[in-house]
Asker: 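Below you'll find the structure I mean.
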There are 2 protein chains.
Amino acid sequence: MFSTTWALENFVGRLAALSPLSQDDIRALLALPAEPVRLRGNFDIVSPGEGFDYACLVVSGLVARYIQLSDGRRQFTAFHMPGDIADIHRVATPLAGSALQTLSTTTIIRLPLKDLKAVGLASPAITQAFWAYAAVDAALLAQWVVNLGGRDATSRMAHFLCEIGVRSEQAGLGSRTEFVLDASQSQIGDALGLTPVHVNRTLKALKQSNAIAVDGRIVRVGSWPSLAMIGDFDVDYLQRDQRQEAA
Amino acid sequence: MFSTTWALENFVGRLAALSPLSQDDIRALLALPAEPVRLRGNFDIVSPGEGFDYACLVVSGLVARYIQLSDGRRQFTAFHMPGDIADIHRVATPLAGSALQTLSTTTIIRLPLKDLKAVGLASPAITQAFWAYAAVDAALLAQWVVNLGGRDATSRMAHFLCEIGVRSEQAGLGSRTEFVLDASQSQIGDALGLTPVHVNRTLKALKQSNAIAVDGRIVRVGSWPSLAMIGDFDVDYLQRDQRQEAA
DNA sequence: CGGAGTATTGAGGCGCTTCAAAGGCGGTGG
DNA sequence: CCACCGCCTTTGAAGCGCCTCAATACTCCG
């Protein structure tokens, strides 16, 4: 796990699960130039308003997309774990939009946009798959909106943990009931629109109700049904595998 | 304005502004079958969890994407005005995801997904353009997250009005300082994560500071700079026209 | 002219923020 | 190796923003 080839294969595998790809397509994707870069935590991969000629594939660690408010606070809009490409949308619109930052020590691969465009140009199926991948990302964004707009702190936190758990499981990094969340309470606050203080109190409440236990950066879910209930969590929305739908 | 052909041409025009399309591409898009349907307000075009074999092009009125919470409340995640396709993402992933509802009396065109897929298959440039359009939609979603997670009610409302204003202007429906917002305060509340009561008070505050004036469903912006300041609004993020970037 | 949805306003309560302070943990240098 | 420092976590107390409950008026439509 957490090697350059693992990350690329993991990504391509999930891409193929989303949208049909030929063996040639897969070979072309796996042949993309891949030089890993190691970065410390709280490092801006892409600063706000900045352009960037690469897409960012996460190899290990945790990366967040964010948008900065005028008073300096930042709102995270997405978390990306190993095997994810954080900004595939850049292939469609080079437009700046959001910034990109590491949460903990992280290694990434910078994939040149021109190479991604080239493989997409060579094979329409790859473009379709990229778009499908981006569409899932957008579905997560929509859920994030619901989480911030419609739920209180406890429910919001529970939903967030459910999402990270299921995505960890899908990425083969752990299970939904035991996974790593390598983010500080302050960073979680920037994701959930809460102050660090209240994140702490909210987690405390979830621990006391035995919904979760936290051991360092490892989250153990005591009772998945109860956590999902508290968070009003519906697994379906991040069901990335279209083949399951057909079955 | 607000005819079937106007809506389709408006959409295709903005699509072409986003991503280069040939004359053949444009002809193929304009030749899509287009039978308009008139719908009353608060009508579910796509109910939560339901599949749907069409994409929805708005001809007149206002359409919102939403996700329902378990207690029956709904959170709007996007507004769509005449000339917009509300759920182009369905072409990439037929997955349910979000529901679709009219806010006021609305006429739409239902575009069969299979036809949209067919034109995309015939021309990669069209698929690229669809994806770029969806990517802009996702950028709006990210801003919506920031709005809910990072701003208080007044700022949130101001930002929302700025977004609707600029998009109305871009769609040729009005100007950013005078536009129609055909939604009730309760519906605006479902978009901003506020109660109708607080929407009312927030609007009252904006009126009293002369930032806006409301006349029926017409919003007049008294001072655009001050509204943009209150809402911490940055025009760039919904700059849909890539050709401007090059210039 | 009656009824339903919408807008408006008031009063009180709760959830989250702000401010403040103390303890834990890992990293770094003497 | 330990002492120190910065960051993170944890907890308390007070305040404010938004919600809830409630009542009245307005507007559109049948």
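No experiment lies behind these values; they were computed from the predicted model shown. Here is the naming used below: chain letters follow the sequence lines, and residue numbers restart at 1 for every chain.
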Asker: Give a yes/no on whether any side-chain N or O of A/K207 is located under 4.0 angstrom from OP1 or OP2 of D/dT9.
Answerer: no
Asker: Tell me: CG of A/L203 to P of D/dT9, nearest whole Å?
Answerer: 9 Å
Asker: So A/G216, base contact, sugar-phosphate only, or nothing? Heavy-atom distance under 4.0 Å.
Answerer: nothing
Asker: Just the rounded figure in Å: distance from P of C/dT17 to CG of A/L192.
Answerer: 10 Å
Asker: According to a strict under-4.0 Å criterion, is A/R217 in side-chain N/O contact with OP1 or OP2 of D/dT9?
Answerer: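 A/R217 to D/dT9 OP1/OP2: side-chain N or O found under 4.0 Å.
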Asker: Could B/D137 and B/R65 be called an ion pair, given the rule that one side-chain N must be under 4.0 Å from one carboxylate O?
Answerer: yes
Asker: What's the spacing between A/L173 CG and A/F179 CZ if we round to 0.5 Å?
Answerer: 11.5 Å
Asker: Specify the separation, in whole Å, of atom CG of A/L181 and atom P of D/dT9.
Answerer: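 Distance, rounded to whole Å: 10 Å.
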Asker: Categorize A/G189 for me: base, sugar-phosphate, or nothing, with a 4.0 angstrom heavy-atom threshold over every strand shown.
Answerer: nothing
Asker: Just by distance, do the side chain of A/E163 and the backbone of A/F160 share a donor-acceptor pair under 3.5 Å?
Answerer: no
Asker: Taking 4.0 Å as the cut-off, does a side-chain nitrogen or oxygen of A/S186 come that near to OP1 or OP2 on D/dC8?
Answerer: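 No, A/S186 has no side-chain N/O under 4.0 Å of OP1/OP2 on D/dC8.
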Asker: Considering only heavy atoms and no angle criterion, is a donor-acceptor pair shorter than 3.5 Å present between the side chain of A/R201 and the base of C/dG15?
Answerer: no
Asker: Please determine, for the side chain of B/L194, which listed nucleotide (C/dT6, D/dC8, D/dC18) has the closest atom?
Answerer: D/dC18
Asker: Salt bridge or not between A/R220 and A/D215? Use side-chain N to carboxylate O under 4.0 Å.
Answerer: yes
Asker: Under 4.0 Å from OP1 or OP2 of C/dT8: is there any side-chain N or O of B/K204 that close?
Answerer: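 So the side-chain polar atoms of B/K204 never come under 4.0 Å of the phosphate oxygens OP1 or OP2 of C/dT8.
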Asker: Nearest to the B/T195 side chain among D/dC19, C/dC16, D/dC8, which nucleotide is it?
Answerer: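 My answer, after comparing the listed nucleotides, is D/dC19.
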Asker: Identify which nucleotide among D/dT11, C/dA7, D/dA22 has an atom closest to any side-chain atom of B/V197, counting heavy atoms from C-beta outward.
Answerer: D/dA22
Asker: A/I188 has an atom CD1; how far is it from atom P of D/dT10, in whole Å?
Answerer: 11 Å
Asker: Rounded to whole angstroms, how far apart are CZ on B/R151 and P on D/dC18?
Answerer: 14 Å
Asker: Is it true that B/R167 and B/D84 make a salt bridge, defined as a side-chain N closer than 4.0 Å to a carboxylate O?
Answerer: yes
Asker: May I have the distance from B/L148 (atom CG) to D/dC18 (atom C1'), rounded to whole angstrom?
Answerer: 14 Å
Asker: Mapping B/P196 and A/A153 to their closest nucleotides on DNA chain C, which lands nearer the 5' end?
Answerer: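 Mapping each residue to its closest nucleotide by heavy atoms, the 5'-most match is B/P196.
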Asker: Output yes when B/D190 and B/R73 qualify as a salt bridge under the 4.0 Å nitrogen-oxygen rule, no when they do not.
Answerer: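 No, no charged N to carboxylate O under 4.0 Å.
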Asker: Output the rounded distance in Å from NE2 (A/H198) to P (D/dG15).
Answerer: 19 Å
Asker: Identify whether any heavy atom of B/R156 sits under 4.0 Å from a base atom; if not, whether one sits that close to sugar-phosphate; answer base, sugar-phosphate or nothing.
Answerer: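 No contact.
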Asker: For D/dT10, take OP1 and OP2 only and decide whether either is under 4.0 Å from a side-chain N or O of A/N200.
Answerer: yes
Asker: In whole Å, I'd like the distance from the CG atom of A/D190 to the C1' atom of C/dT17.
Answerer: 14 Å
